[in-house]
Amino acid sequence: MSKNLKSKFVDICGGETLIKLNSDDNDNVLKLKVNKDTFKSIVSGKTKVYTDAISPKNLSMFFVLNEDGTVKEIKGVPQLRKYEAIQFINKDESYTCQINNADVVYMNPDIGNIIPYSELEDENIDYTDCMISYTLGEKV
């Protein structure tokens, strides 16, 4: 992600995720380590939509992959991993909430607007140029 795009991402999303921990297929909960400010914003209910940058390192955390490591698509629609909840972790604290919706979005670096991946007309945009967006639900 370019420095300018990353700066706009932080401005729009209000913070940046630190290190991803893992996903747990057994209980269908995505576990993410987040910074203190992001954690507080989620727990307080101020953050209703959690958005995170997609990178080659976390691609398999968010998408179902083909054997060759590419994102599995059905009729042009990326197949997201199905999680029922997200557990946000900050040091010794954790907060788990339901996921009401998940979508892949692209932020236009020229004007800063967010476009759902399904509405993109530029076929040269890769998933790693995009972000994953989770609409957060009730506390679990």
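We use all heavy atoms of the structure for the numbers below, so side chains are in, but hydrogens, waters and symmetry mates are not.
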(request) Taking the side chain as every heavy atom from C-beta outward, state whether Y117 and D103 have any pair of such atoms under 4.5 Å apart. (result) no
In Å, rounded to the nearest 0.5 Å, how long is the span from [atom1] of [X] to [atom2] of [Y]?
X: N101; Y: T135; atom1: CG; atom2: OG1; result: 4.5 Å
X: K91; Y: K36; atom1: NZ; atom2: NZ; result: 7.0 Å
X: K33; Y: Q87; atom1: NZ; atom2: CD; result: 13.0 Å
X: T51; Y: M107; atom1: OG1; atom2: CE; result: 10.0 Å
X: I86; Y: T96; atom1: CD1; atom2: OG1; result: 9.5 Å
X: K82; Y: L30; atom1: NZ; atom2: CG; result: 14.0 Å

Heavy-atom closest contact ([X] atom, [Y] atom, distance):
X: I89; Y: S94; answer: CG1-CB, 4.2 Å
X: A53; Y: N58; answer: O-ND2, 3.1 Å
X: C97; Y: V140; answer: C-CG2, 3.8 Å

(request) Look at the aromatic rings of F62 and Y134 and report parallel, tilted or perpendicular, splitting at 30° and 60°. (result) tilted
(request) Mind telling me whether F63 and Y127 have parallel, tilted or perpendicular rings, with 30° and 60° as the class edges? (result) tilted
(request) Report the C-alpha distance between V104 and I132 in whole Å, list the side-chain angles of each, state the deciding distance to 0.1 Å, and finish with yes or no for side-chain contact (heavy atoms from CB on, under 4.5 Å). (result) CA-CA 5 Å; V104 178; I132 189 90; 4.2 Å; yes
(request) Check the pair Q79, V71 against side-chain contact (heavy atoms from CB on, under 4.5 Å), reporting the backbone distance first and the verdict last. (result) CA-CA 7 Å; Q79 299 304 294; V71 173; 6.0 Å; no
(request) Before giving the answer on side-chain contact (heavy atoms from CB on, under 4.5 Å), spell out for F88 and T47 the whole-Å C-alpha distance, their side-chain angles and the decisive distance to 0.1 Å. (result) CA-CA 12 Å; F88 295 99; T47 297; over 6 Å; no
(message) Looking at D68, I want to see if its CG is surrounded by more than 12 non-hydrogen atoms of other residues, nucleotides or ligands under 6.0 Å.
(response) yes
(request) Applying side-chain contact (heavy atoms from CB on, under 4.5 Å), run through S41 and T38 and close with a yes or a no. (result) CA-CA 5 Å; S41 182; T38 300; 5.7 Å; no
